[in-house]
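Here's the structure, in structure tokens; my notes come after.
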Amino acid sequence: MKHLTTPLTAEDLEVLRVGDRVLLSGAIYTARDAAHARLIDLLTEGRNLPFNIEGQVIYYAGPTPEKPGKVIGSAGPTTSYRMDPYTPLLIEKGLKAMIGKGLRSQEVKEAMRQYKAVYLGAVGGAAALISERIQAAELIAYEDLGAEAIRRLVVKDFPLIVVNDIYGGDLYEEGVRQYRKKAKSGREE
Amino acid sequence: MRTIKAEIITQEVARLCQEANFFLGKDVIDEFKAALEREESETGREILEQLIQNANIAGEEQVPMCQDTGFTVVFLELGQDLTVQGNLYSAIQEGVRLGYAEGYLRKSIVEHPFKRKNTGDNTPAIIHTEVVSGDRLKIIVAPKGGGSENMSQIKMLKPADGRQGVKDFVLQVVDEAGPNPCPPIVVGVGIGGTFEKAAYLAKKALLRDLNSAHHEREIAELEQELLFEINQLGIGPAGLGGTTTALGVNIEIFPCHIASLPVAVNLNCHAARHKEVIL
Ligand code: SF4
């Protein structure tokens, strides 16, 4: 089990390998498709992002509204591939880790290797459990997007698994290969 | 002629929306536990344990088990001898509005496919109605997550493709979906009918209990065979590798045109939610 605290440095990522269990603490930022589209618009117009992305972590999540007295509602990961078109540019600008679930594109994997960033898997659908690790939540941009707004979360020991490391490893491919007992498949071609 | 007030329907729908999101079905939890015994991957077992824990927390604290509280799909079986005082469909939409507000559920519906502005109350729900004999109303509320819905597919096979063609297509859909629909998944398959009928049957198949089997023996065998072969794909819990990729395969069939063999595969995540009431 490895402990990480944000913001992340290049050295933090060097020790991570595919399949490692990580407990992440510190501030992270939520963003989904709609927020990503706006971030990219800002960058292409040469303007500042609503938060400094250097060394930061983006969590692909759109939580449920919080019940009275709670910090946040249920907040599990959403499927990451929808953010793929926007991701390489954010990585180039200093994004160090993404938290989500599901497959990434070749372009994203290439950008992770080139600019040294990692993709961390959270367990999809374990949203009530994950929420217990979130200590604070603050809306920082795009309130009009509702669940899709950008929130700054402070997490303590958020349980994650390294899916893509900076060396080009991919847990989805390696894990599935290990347990596959059937030759026929769309993915093996 | 029996009558029922629209307000009662609204209240029941509001309750079902919340209960479906808070309380995972016993059949699903039982399958998690059974899978925990069989799963070969250690990571896979850890994830199954987390899912059991997650379901417990959601139930105890009455919070949504998943943040995607879904597109609200409502199935009605309306007895033809029942009269609704008020508008049935408006009563259901109102119930969704109320349930998603009261339960602090996420509002995930946008009003236009391109303009994509959130409707703010999770309406409209999708309502499927079947008229049956009798004077009762059965309401099933099945919130459906986007992650697994997006991985679903339909194909118009040739009659010559037959049983093997259907099997190949189902396996291909599950394999292509990989980790995206939050495995372990439930696989709903609709075979026969027309294009839209097959899709409807696939969704309806997801409502059946995981421990149930199709009443026709040949189809029940196909369900078992598919489940076995899907679990050999290696995708595993959360798609990180393992022997538990699906918890169940449910198939529904319908007569076909002489020229067609439609197959629809509707994937559901482990947050396989549905709650029902008979009024
Ligand atoms: S696919 Fe299901 S379990 Fe996964 S995030 Fe979506 S609704 Fe939740």
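So you know, we letter chains A, B, ... as the sequences are listed, proteins then strands, and number each from 1.
With a threshold of 4.5 angstrom between heavy atoms, Leu240(B) approaches chain A through its backbone and through its side chain. With a 4.5 Å cut-off on non-hydrogen atoms, Glu61(B) touches chain A through its backbone and its side chain both. Looking at Ala58(B), the atoms closer than 4.5 Å to chain A (heavy atoms on both sides) sit in the backbone and in the side chain alike. For Thr43(B), the parts sitting under 4.5 Å from any heavy atom of chain A are the backbone and the side chain alike. For a residue to count as touching a neighbouring chain, one of its non-hydrogen atoms must lie under 4.5 Å from one of that chain's; by this rule Glu148(A) does not touch chain B. Using a 4.5 Å cut-off between heavy atoms, Ala75(A) contacts chain B through its backbone alone, with no side-chain atom that close. Only the side chain of Thr69(B) comes within contact range of chain A, with heavy atoms under 4.5 Å apart. Only the side chain of Ile161(A) comes within contact range of chain B, judged by heavy atoms closer than 4.5 Å.
Between the side chains of Thr9(A) and Asp12(A), at least one donor-acceptor pair of N or O atoms lies under 3.5 Å.
The aromatic rings of Tyr29(A) and Phe51(A) sit parallel to each other, their planes meeting at less than 30°, with 60° as the upper class boundary.
For the side-chain contact (heavy atoms from CB on, under 4.5 Å) criterion with Val166(B), the lone passing option out of Leu171(B), Leu157(B), Val265(B) is Leu157(B). Tested against Tyr167(A), the residues Arg17(A), Met112(A), Lys116(A) include a single side-chain contact (heavy atoms from CB on, under 4.5 Å) partner, Arg17(A).
The pair Arg273(B)-Glu19(B) does not count as a salt bridge, with every side-chain nitrogen at least 4.0 angstrom from each carboxylate oxygen. Between Lys109(A) and Glu173(A), at least one side-chain N (NZ, or NE/NH1/NH2) sits under 4.0 Å from a carboxylate O, which counts as a salt bridge.
Judged by a 6.0 Å distance limit and a 45° cone about the ring axis, Arg38(A) is positioned over the six-membered ring of Tyr142(A).
Looking only at heavy-atom pairs under 4.5 Å with chain B, the residue among Pro77(A), Gly62(A), Pro65(A), Gly73(A) that has the most is Pro65(A).
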